[in-house]
Peer 1: 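Just passing along the structure, written as structure tokens.
Bear in mind that the values here come from a model prediction, so they are computed numbers and not experimental data.
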Amino acid sequence: MIHDVPRDQWLYNDRGMKKWMGCFLSDHTQDMANKQQEEVPTHRLPEQDSKTIDQILQTSWKNSRQISLQINDDSYLNVYNINGIIIGANDDLVYLQSNKLMTIKVSDIRHAEIKERSNLI
């Protein structure tokens, strides 16, 4: 049995779902911002040959230099960019440290470049 009190007899003004919007809004806004950032189209850089990519990967690994990689996705229709430092390699895989450790197949890399060091004082 549900006891439904008429609205004019309530002891306070219930704002309904409005009271939950403060909790929901910040999480939802952050999630939408992340999704919008992921959906930004990536400009395709010219595809490099494997020798050039290998030299750049070795330079990043030997000198602990920041690198920017453009990776083909599984269907080769889209590309995405990753920044980080090469911390190791094994056969056809490289290990890139950015905000998390990533394993990347060398054959999926379409473009690589060493990022310039910033002059922070």
Peer 1: Applying side-chain hydrogen bond (donor to acceptor under 3.5 Å, both in side chains), name anything that partners Thr59, two or more places apart in sequence or on another chain.
Peer 2: none
Peer 1: Just to verify, what does Pro6 make a side chain to side chain contact (heavy atoms under 4.5 Å, CB included) with, not counting sequence neighbours?
Peer 2: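 Side chain to side chain contact (heavy atoms under 4.5 Å, CB included) list for Pro6, sorted by chain: Asp8, Gln9.
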Peer 1: Suppose we screen for side chain to side chain contact (heavy atoms under 4.5 Å, CB included). Which residues come up paired with Thr103, at least two apart in sequence or across chains?
Peer 2: Leu93, Tyr95
Peer 1: How long is the gap from OG on Ser50 to CD on Gln48, to the nearest 0.5 Å?
Peer 2: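 Interatomic distance, Ser50 OG to Gln48 CD, rounded to 0.5 Å: 10.5 Å.
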Peer 1: Are Ile114 and Ile56 side-chain neighbours, meaning at least one heavy-atom pair lies under 4.5 Å?
Peer 2: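 SC-SC contact between Ile114 and Ile56 confirmed.
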Peer 1: Should Leu45 and Leu69 be counted in the same cluster of Ile, Leu, Val, Met, Phe, Trp and Tyr side chains packed under 4.5 Å apart?
Peer 2: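 No, it is not one cluster - the side chains of Leu45 and Leu69 are not joined through contacts under 4.5 Å.
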Peer 1: Mind checking side chain to side chain contact (heavy atoms under 4.5 Å, CB included) for Gln55 and listing every partner two or more places apart, or none if nothing turns up?
Peer 2: Lys51
Peer 1: Rounded at 0.5 Å granularity, tell me how far CZ in Arg65 sits from CD in Glu113.
Peer 2: 11.5 Å
Peer 1: Mind listing the side-chain donor-acceptor pairs of residues 79-91 below 3.5 Å, one per line with the distance, residues two or more places apart or on another chain?
Peer 2:
residue: Asn81; atom: OD1; partner: Gln70; partner atom: NE2; Å: 3.1
residue: Asn83; atom: OD1; partner: Ser68; partner atom: OG; Å: 3.1

Peer 1: Going by the rule salt bridge (charged side-chain N to carboxylate O under 4.0 Å, His left out), which residues pair with Glu47 if we only count those two or more places apart in sequence or in a different chain?
Peer 2: Arg110
Peer 1: What residues, two or more places apart in sequence or in another chain, satisfy side-chain hydrogen bond (donor to acceptor under 3.5 Å, both in side chains) together with Gln66?
Peer 2: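 Applying side-chain hydrogen bond (donor to acceptor under 3.5 Å, both in side chains) to Gln66 gives none.
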Peer 1: Taking side-chain hydrogen bond (donor to acceptor under 3.5 Å, both in side chains) as the test, write out the residues that go with Asn63, two or more places apart.
Peer 2: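 By the side-chain hydrogen bond (donor to acceptor under 3.5 Å, both in side chains) rule, Asn63 matches no residue at all.
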Peer 1: Suppose we screen for side chain to side chain contact (heavy atoms under 4.5 Å, CB included). Which residues come up paired with Asp92, at least two apart in sequence or across chains?
Peer 2: Lys105, Val106, Ser107
Peer 1: What residues, two or more places apart in sequence or in another chain, satisfy side-chain hydrogen bond (donor to acceptor under 3.5 Å, both in side chains) together with Thr52?
Peer 2: Asp49
Peer 1: Do Ile109 and Trp61 sit in the same hydrophobic cluster, where Ile, Leu, Val, Met, Phe, Trp and Tyr count as joined when their side-chain heavy atoms come under 4.5 Å apart?
Peer 2: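 In one cluster: yes.
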